[in-house]
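Note that ligands are numbered from 1 as they come in the structure, with each ligand's atoms numbered from 1 the same way.
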Amino acid sequence: MDSTLEVRKAAIPDVKGIHALLMQAAVKGQLLPRALAYLYSHVRNFFVLVENGEMIACCALAPVWEDLAEVCSLVVREDMRGRGLGRVAVEACVAECAELGIRRVFALTYQEKFFNHIGFATVEKDVLPQKIWADCVHCPKYPDCDEFAVLRVLE
Ligand SMILES: CC(C)(COP(=O)(O)OP(=O)(O)OC[C@H]1O[C@@H](n2cnc3c(N)ncnc32)[C@H](O)[C@@H]1OP(=O)(O)O)[C@@H](O)C(=O)NCCC(=O)NCCS
């Protein structure tokens, strides 16, 4: 890993960079696009990875319930993939779960194998009822979601 890599919570000046990263993946159908207004109001959920002054990855942790949080909006810039950065971004979210006192962290994703590789188990979506009540019911794909639910339970 490059020693100039910085992993930190996002701040307002990062929002346009996060938006650009998410849009690059969203136009390929890899994740949901997010509007700038959404990103400004959720900026405190985000981590960014910065190398040589450039944002190369982002990821967000969204608490959903008293013992459940979601890892979402995970993108590594295309030319930076395969260097361990996705794992670093997810682990930053997992570490924050521990700080918040949350033991169960999940993602809804097309990247099932990546998440399995870094310690998340594939589960049925109905083990995440709070997510379904709060968000999924408003999604145009509901109830025919083709994403995989993956879950890690922290020690
Ligand atoms: C998914 C994504 C974040 C992975 O990022 P990355 O930086 O390339 O992944 P890493 O290099 O950290 O991979 C960590 C490990 O998972 C493995 N891995 C990565 N992608 C994998 C895949 N599709 N299938 C199986 N294993 C995979 C890597 O080989 C690596 O293993 P190792 O530690 O034993 O060497 C990246 O491909 C991406 O941004 N995709 C587009 C957006 C997206 O789909 N986001 C997920 C939405 S929830």
Can Y110 and E147 be said to form a side chain to side chain contact (heavy atoms under 4.5 Å, CB included), step by step?
CA-CA 5 Å; Y110 297 114; E147 293 184 312; 3.6 Å; yes
Is there a path of hydrophobic side-chain contacts, each under 4.5 Å between heavy atoms, that joins L74 and L61?
yes
How far is atom 37 (O) of ligand 1 from the closest protein heavy atom, and which atom is that?
R81 CD, 3.4 Å
Verify the contact flag for atom 35 (O) of ligand 1, where contact means a protein heavy atom under 4.0 Å away.
no
Intermediate values then yes/no, side chain to side chain contact (heavy atoms under 4.5 Å, CB included), R77 and E54:
CA-CA 10 Å; R77 206 174 74 188; E54 289 183 29; 2.7 Å; yes
Donor-acceptor check, side chain of R81 to backbone of V76, threshold 3.5 angstrom: yes or no?
yes
Which pair of non-hydrogen atoms, one from M80 and one from L85, has the smallest distance, and what is that distance?
O-CD1, 3.6 Å
Check V123, V127, V150, L128 against F106 for a side chain to side chain contact (heavy atoms under 4.5 Å, CB included) and give me the one that passes.
L128
If you measure from each non-hydrogen atom of E78 to ligand 1, which part falls under 4.0 Å: side chain, backbone, both or neither?
neither
Considering all heavy atoms of both residues, which atom of E70 and which atom of D135 are nearest to each other, and what is their separation?
OE1-OD2, 4.4 Å
Polar atom proximity, M80 to ligand 1 (N or O, under 3.5 Å):
no
Atom 41 (C) of ligand 1 [closest protein heavy-atom partner, distance rounded to 0.1 Å]
Q30 OE1, 3.3 Å
Among all the protein's non-hydrogen atoms, which is closest to atom 48 (S) of ligand 1, and how far away is it?
T109 OG1, 3.4 Å
Check: of I56, L74, N116, V90, min heavy-atom distance to atom 47 (C) of ligand 1 comes from L74
Can you confirm whether some protein heavy atom lies under 4.0 Å from atom 29 (O) of ligand 1, or whether none does?
no
R83 heavy atoms, cut-off 4.0 Å: which ligand 1 atoms fall inside?
11 (O)
For H117 and ligand 1, does the shortest N/O to N/O distance drop below 3.5 Å?
yes
Heavy atom to atom 27 (C) of ligand 1, shortest distance: which of Y110, F114, F115, F148 holds it?
F114
R152 side chain near V94 side chain, heavy-atom distance below 4.5 Å:
yes
How close does the nearest protein non-hydrogen atom get to atom 33 (O) of ligand 1, and which residue and atom is it?
R87 NH2, 2.6 Å
Check this for me - ligand 1, L108, N or O atoms closer than 3.5 angstrom, yes or no?
no
According to salt bridge (charged side-chain N to carboxylate O under 4.0 Å, His left out), who are the partners of K125, at least two apart in sequence or on a separate chain?
none
If you scan protein heavy atoms around atom 7 (O) of ligand 1, the nearest is G86 N, 2.8 Å
Atom 25 (C) of ligand 1: closest protein heavy atom, distance to 0.1 Å, is K113 CB, 3.5 Å
Would you check whether G84 reaches within less than 4.0 Å of ligand 1, judged by its heavy atoms?
yes
I need the minimum non-hydrogen distance between P63 and L100, along with the two atoms involved.
CG-CD1, 4.2 Å
Should the pair K9 and F47 be classed as cation-pi, given the thresholds of under 6.0 Å to the six-membered ring centre and 45° from the axis?
yes
Single hit among V90, T109, V153 for side chain to side chain contact (heavy atoms under 4.5 Å, CB included) with F120:
V90
Identify the protein heavy atom lying closest to atom 23 (N) of ligand 1, giving its residue, its atom name and the separation to 0.1 Å.
Q111 OE1, 3.3 Å
Minimum-distance protein heavy atom relative to atom 39 (O) of ligand 1
V76 N, 2.8 Å
Student check: side-chain heavy atoms of V15 and F46 closer than 4.5 Å
no
With atoms numbered from 1 as shown, which atoms in ligand 1 lie under 4.0 angstrom from a non-hydrogen atom of G82?
6 (P), 7 (O), 8 (O), 11 (O)
Any protein heavy atom under 4.0 Å from atom 21 (C) of ligand 1?
yes
Taking distance alone, with no angle check, do L31 and ligand 1 share an N/O pair under 3.5 Å?
no
Do any N/O atoms on V88 end up under 3.5 angstrom from N/O atoms on ligand 1?
no
